[in-house]
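Report on the structure given below.
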Amino acid sequence: MTQEVRVRFAPSPTGPLHIGGVRTALYNYLFAHKMGGKFIVRIEDTDQARFVPGAEEYIKESLDWLDIQADESPWQPGETGPYRQSERKPDYMQYALDLVKKGHAYYAFDTPEDLEAMRERLTAARVVQPQYNNITRTQMKNSLTLPEDEVERRLASGEPYVIRVKIPRQEEVRLKDLIRGWVVVHTSTLDDKVLMKSDGMPTYHLANIVDDHLMGITHVIRGEEWLPSAPLHVLLYRYLGWENSMPEFAHLPLLLKPDGNGKLSKRDGDKLGFPVFPLDWKNQKDGSSAPGFREQGYLPEALLNFLAFLGWNPGDERELFTKEELIEAFSLERIGKSGTKFDIEKAKWYNEQYLKKMDNEVLAKYIIDDAKKDGFDISVELASAAASLNKERVTFPQELWEASKLLVIAPKTFDEKVATKRWNQDAIKVLNKYVEKLSGYHGVFNSETAKELLNSSAEIEEIKLGKVMQAVRLAVTGLGAGPDLMQVFSILGKEEVKNRINFALQELKPID
RNA sequence: GGUCCGUUCGUCUAGGGGUUAGGACGCAUCCCUUUCACGGAUGAAACACGGGUUCGAUUCCCGUACGGACUACCA
């Protein structure tokens, strides 16, 4: 029998959650649900210097918005908590000490200045990669070079120290990545990474391994930026005696800039005018801000669908998936290997697809709210009709009100280009006749009857309706393009149509 | 620089030793329509390069080029 799948998303609260992080969370979530397992969110806040207030709340709100719900998290603790590493602080030291005892780690007393001097010396000696490793450690101040009694003296006196892993000299570390296959790294290229910092906090490397083990994580699904340090993690599992229960690894391809090269950053969003964060972000410290997908009008279902397809596909030609369908179709095997450029046009397309499937009543709320901001109170009926009329014509919900204004506000000015081209005697004749017909009509006024009346007006004047339609549109909406005119008439009502036409008739000068 | 990872239309990708290399976004044209949009149809558009292996490579192997990640007491 196989154990329950447990995966985690482990962001650090150092700023707004990046959209790439959201995708990582999504893949973890989809995999967990596909496998009938658990999805855990753990906050990796071991770096006190980089902690940003509000960042954790931002992470939570982002995941909530997209409905990527965790089974266990700081906000909904399970049995393997706490779910913030800062709250797990007392637990880490014992594992570091265990490694020291076993000879796989050691104390180091080097000051930042010592380290800097070492790097300078190495650089001067033209060593290409100045680092604290199995060669240079012999020249540094650590428990490998210092006499035992001095180490104890320094420790006892409270001198700051770190604990570093002791990377073996000549070994090959092999790990099987679910996405990339076997990756082999020689230990001579690894450095003696710090495991415990002088402030008593573990680094990512130690905390990550300890927590994943303690939380029973079975699969580590994370960004490709972690691949280079994965061999170190394998070594740590081994040295801690946990190799048999070591999780499987899956390193996700990165999200890249849409143009040029490099990984997607906040700058790209600013430059190309699209968000790279799920939600609007306001830094409480320095007041800086960044736009979010939510506020731009992206629908959570659409963004989720779009994100899922950035580096993954179901193998068939379907593209529109609900979350449940994504879960059903998801597999790690179908994740691609190469980096994925971020194409905002595709995201917009997804949004349009989801937007036009939404209920008019739901969309009506957007219109009502936006109209209110402009000082207009509109009924639910009108707003729903407006939504129905316009939802296939826009990308974002907030564009709906703009598109619907012609239903609420009578035109005061008229598109000049259309006027100079279409406002001729024929149009005026037909419109005059139409007004006349409208006044004499007392039946039901809907798009069909509105059209019939218009048709007969044209017939009487012996003018082809098609030739004056643009002018009719101009008279009633002031515009040269827009939604189906007869539906607009039907929504406007007979009197309003009549009034608008009369206004146009007296405002506009004929061209011939 | 070093280590590791990658490379199919502009972009996201399917495919896989013999295919007219498929789909989607975007783009163009046409159709629908009173207009714009939606929708439909059509089109332009790709296997990075060089060697091998093979009867045959876009597919397998090796190089090269290019791209990316990492190279902190950051995650």
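Lettering follows sequence order; numbering is per chain, from 1.
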**Message:** Please confirm whether the shortest side-chain N or O distance from S338(A) to OP1 or OP2 of rG67(B) is below 4.0 Å.
**Reply:** no
By the Watson-Crick or G-U definition, both distances under 3.5 Å, rU3(B) is matched with rA69(B)
**Asked** What nucleic acid atoms does V183(A) come within less than 4.0 Å of, heavy atoms only: base, sugar-phosphate, or nothing?
**Response** sugar-phosphate
query: Around E462(A), counting heavy atoms of other residues, nucleotides and ligands shown, do more than 12 lie under 6.0 Å from its CD?
result: no
Problem set entry | rG39(B) phosphate, OP1 or OP2, under 4.0 Å from K356(A) side-chain N/O | yes
**OP:** Between rC55(B) and rC47(B), how far apart are the P atoms? Round to whole Å, please.
**Re:** 26 Å
Practice item. Report which part of the nucleic acid V184(A) touches: base, sugar-phosphate, or nothing (heavy-atom distance under 4.0 Å, all strands). Key: sugar-phosphate
For the side chain of K263(A) and the base of rA69(B), is some donor closer than 3.5 Å to an acceptor across the two? no
Q) With a 4.0 Å cut-off, would you call E224(A) and K263(A) a salt bridge? A) no
- Task: Under 4.0 Å between any heavy atoms, over every strand shown, what does R119(A) touch: base, sugar-phosphate, or nothing? Just pick one.
- Result: sugar-phosphate
Quick check: are there more than 12 heavy atoms from other residues, nucleotides or ligands sitting under 6.0 Å from NZ of K421(A)? no
Would you indicate whether K467(A), at its atom NZ, is surrounded by more than 12 heavy atoms from other residues, nucleotides or ligands within a distance under 6.0 Å?
no
By the Watson-Crick or G-U definition, both distances under 3.5 Å, rA46(B) is matched with none
Any strand, both distances under 3.5 Å, Watson-Crick or G-U wobble: rU33(B) pairs with none
Between CD of E392(A) and C1' of rU33(B) the distance, given in whole Å, is 14 Å
Separation of rU34(B) atom C1' from F489(A) atom CZ, nearest Å, is 11 Å
Separation of rC70(B) atom C1' from L252(A) atom CG, nearest Å, is 17 Å
Practice item. May I ask you to say whether D343(A) pairs ionically with K341(A), meaning some side-chain N is under 4.0 Å from a carboxylate O? Key: no
Closest to the 5' end of RNA chain B, once I179(A) and T340(A) are matched to their nearest nucleotides, is I179(A)
With a non-hydrogen cut-off below 4.0 angstrom, is D192(A) in contact with a base, only sugar-phosphate, or nothing?
nothing
| query | According to a strict under-4.0 Å criterion, is K341(A) in side-chain N/O contact with OP1 or OP2 of rU7(B)? | reply | no
Report task. Determine the Euclidean distance between corresponding P atoms of rG40(B) and rA24(B); express it in Å to zero decimal places. Result -> 9 Å
ask   = What is the nucleic acid contact for G223(A), judged by heavy atoms within less than 4.0 Å: base, sugar-phosphate only, or nothing?
value = nothing
Donor-acceptor pair under 3.5 Å, S198(A) side chain vs rC73(B) base
yes
Using Watson-Crick geometry (N1-N3 plus N6-O4 or O6-N4) or G-U wobble (N1-O2, O6-N3), each under 3.5 Å, rU59(B) is paired with none
- Query: Taking atom types as they are modelled, is there a donor-acceptor pair under 3.5 Å from the base of rC5(B) to the side chain of R180(A)?
  - Reply: no
Answer with base, sugar-phosphate or nothing: what part of the nucleic acid does R334(A) contact at a heavy-atom distance below 4.0 Å?
sugar-phosphate
task = Answer yes or no: is there an ion pair linking D45(A) with R84(A), defined by an N-O contact shorter than 4.0 Å?
result = no
Result for 5'-nearest mapping on RNA chain B, choosing between L465(A) and Y204(A), is L465(A)
Under a 3.5 Å limit on both distances, the Watson-Crick or wobble mate of rC25(B) is rG10(B)
Contact class for N208(A) vs. all strands (heavy atom < 4.0 Å): base, sugar-phosphate, or nothing? nothing
Less than 4.0 angstrom between a side-chain N/O of N313(A) and OP1 or OP2 of rA14(B), yes or no? yes
Against the side chain of E317(A), the closest entry in rC74(B), rG26(B), rG23(B) is rG23(B)
